[in-house]
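Below: the structure, in structure tokens.
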Amino acid sequence: FKAIFLRPNIINGIPWHDPYYDPLWGACERLGIPVGFHEGGRPPHIAQVGDREFATSMLHHTCSHAMGMMLATVSFCGGGILERFPTLRVAFLEGNCSWAPWLLWRLDEHQEWKGYEHPELTMKPSDYFKRQCFVSVECDEWPSKYVEDAGLGHTVVFSTDYPHPDSKYPYAVDSFLSLELTAETKRKYLWENCARLYN
């Protein structure tokens, strides 16, 4: 396997940072297999962000993908998984990347405020993310320019989202190349970071 993929949704009330999942993270770390998270459609019996609030696909889908990734990121970076598994690679895919600077800033701020609740953390949550995590940029995600400014450019990989209905195929790469990003940043997103994620 080059990777495994999971949904970010909590199953049976067990959060990702619960030691229940440690055998899975340990096996992936030992084998050098990255863990990818990808949200999906509305399955029965699996709770998603926005389920209770929104009946329409437009409102629900706006929240479910990106916010599901955000919750999983908090679990991995703040809940101690990446402290216990320091070489595990984790990717939060097709849920945008522009939220990462804000979320990691907020998570660091809360560790500074209430870090006594998680004494197992030896670094800031954002430092775990910078060391081990990846997010994906959508082809027309213009706010992604702030990700590089936040020192997270080495964590971003490119996604076309093909063949999903919100894909910009067959114009995804052309659209991405027109974003106001430096050539070096585009090269990282399109190639270098992907190669590092999947070894």
Side-chain angles (χ1 to χ4, degrees), residues 3 5 7-9 34-42 48-51 53-54 56-78 89-110 124-198:
F5 281 84
R7 298 181 66 107
N9 318 108
V35 176
F37 283 91
H38 186 296
E39 184 58 287
R42 294 179 104 159
Q48 290 178 296
V49 176
D51 275 347
E53 296 84 358
F54 305 118
T56 67
S57 178
M58 185 193 99
L59 301 180
H60 179 268
H61 195 272
T62 297
C63 298
S64 64
H65 285 51
M67 293 179 187
M69 296 301 164
M70 293 167 78
L71 294 176
T73 298
V74 170
S75 210
F76 272 80
C77 297
R89 296 186 312 281
V90 185
F92 306 98
L93 302 171
E94 296 191 0
N96 305 122
C97 67
S98 301
W99 50 262
W102 169 81
L103 179 67
L104 294 170
W105 168 81
R106 184 166 174 82
L107 191 52
D108 285 352
E109 184 183 53
H110 278 68
K124 295 191 300 185
S126 63
D127 289 335
Y128 291 109
F129 189 94
K130 290 174 183 175
R131 184 178 74 184
Q132 295 173 249
C133 295
F134 296 82
V135 286
S136 66
V137 62
E138 300 301 322
C139 69
D140 52 358
E141 190 179 348
W142 67 263
S144 66
K145 63 185 180 182
Y146 301 114
V147 175
E148 185 75 45
D149 293 344
L152 298 170
H154 67 289
T155 71
V156 180
V157 296
F158 177 68
S159 167
T160 65
D161 205 24
Y162 177 83
H164 298 137
D166 53 338
S167 167
K168 305 302 189 298
Y169 177 85
Y171 307 107
V173 174
D174 291 338
S175 181
F176 174 75
L177 291 173
S178 72
L179 289 177
E180 293 182 21
L181 301 170
T182 67
E184 179 185 358
T185 294
K186 290 174 183 175
R187 178 180 173 82
K188 282 194 291 189
Y189 292 8
L190 286 170
W191 174 254
E192 292 171 4
N193 297 343
C194 303
R196 194 163 48 84
L197 169 59
Y198 293 111

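Put simply, CG on L71 and CG on N9 are 9.5 Å apart, with the number rounded to the nearest 0.5 Å. Interatomic distance, K186 NZ to E192 CD, rounded to the nearest 0.5 Å: 14.5 Å. We find the NZ-CG distance between K130 and L152 to be 6.0 Å, quoted to the nearest 0.5 Å. Remark: H65 NE2 to M70 CE distance equals 15.0 Å, nearest 0.5 Å. Between F158 atom CZ and S144 atom OG the span is 10.5 Å, to the nearest 0.5 Å. Residue E109 holds its CD atom at 12.5 Å from CG of L104, rounded to the nearest 0.5 Å.
Between the side chains of E39 and S64, no donor-acceptor pair of N or O atoms lies under 3.5 Å.
Other residues, nucleotides and ligands place more than 12 heavy atoms under 6.0 Å from the CD atom of E53. For Y171, the OH atom counts as loosely surrounded, since its 6.0 Å shell holds 12 or fewer non-hydrogen atoms of other residues, nucleotides or ligands. The number of heavy-atom neighbours closer than 6.0 Å to CD of E184, taken from other residues, nucleotides and ligands shown, is 12 or below. The environment of CZ in R131 is crowded: more than 12 heavy-atom neighbours from other residues, nucleotides or ligands sit within 6.0 Å.
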With side chain to side chain contact (heavy atoms under 4.5 Å, CB included) as the test, would you mind laying out the steps for H38 and R7 before giving the verdict? CA-CA 5 Å; H38 186 296; R7 298 181 66 107; over 6 Å; no
For the pair K145 and L179, evaluate side chain to side chain contact (heavy atoms under 4.5 Å, CB included) and give the outcome as yes or no after the intermediate values. CA-CA 8 Å; K145 63 185 180 182; L179 289 177; over 6 Å; no
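Minimum interatomic distance between H60 and Q48 (heavy atoms only, all atoms of both residues): CE1-OE1, 3.2 Å. Across every non-hydrogen atom of G68 and V49, the tightest pair is N-CG2, 4.0 Å. Counting all heavy atoms, side chain and backbone alike, G78 lies closest to L107 at N-CD2, 4.2 Å. Nearest approach of Y128 to C77, heavy atoms of both residues: CD1-O, 3.6 Å. Counting all heavy atoms, side chain and backbone alike, D108 lies closest to P125 at OD1-CD, 3.1 Å. In terms of heavy atoms, E94 sits closest to S159 at OE2-OG, 2.8 Å.
Checked against salt bridge (Lys or Arg N to Asp or Glu O under 4.0 Å), E141 has no partners two or more places apart in sequence or in another chain.
In this structure the side chain of V157 reaches within 4.5 angstrom of the side chain of L93, judged on heavy atoms. Between T62 and F54, the closest side-chain pair of non-hydrogen atoms is not below 4.5 Å. With contacts defined as side-chain heavy-atom distances shorter than 4.5 Å, the pair L177/L190 qualifies. Counting only heavy atoms from C-beta outward, the side chains of V147 and P101 approach each other to under 4.5 Å. Looking at heavy atoms from C-beta onward, W142 lies out of side-chain contact with E180 at the 4.5 angstrom threshold. Inter-residue side-chain proximity for Y198 and P34 is flagged as met; some heavy-atom pair is nearer than 4.5 Å. In this structure, the side chains of C97 and F134 stay at 4.5 Å or more apart for every pair of heavy atoms.
In terms of modelled atom types and a separation under 3.5 Å, the side chain of N193 and the main chain of G153 share a donor-acceptor contact.
Taking the six-membered ring for Trp and the full ring otherwise, the centers of H164 and H61 sit at least 6.0 Å from each other.
Between F129 and W99, the ring planes lie perpendicular to each other; the angle is over 60°, past the 30° to 60° tilted range. Using the six-membered ring where Trp is involved, F92 and F76 have ring planes that are perpendicular, over 60° apart on the 30 and 60° scheme.
Under 4.0 Å is where a charged nitrogen must lie from a carboxylate oxygen, and between D174 and K168 no such pair does.
For residues 147-159, the pairs satisfying salt bridge (Lys or Arg N to Asp or Glu O under 4.0 Å) are E148-K188, with sequence neighbours left out.
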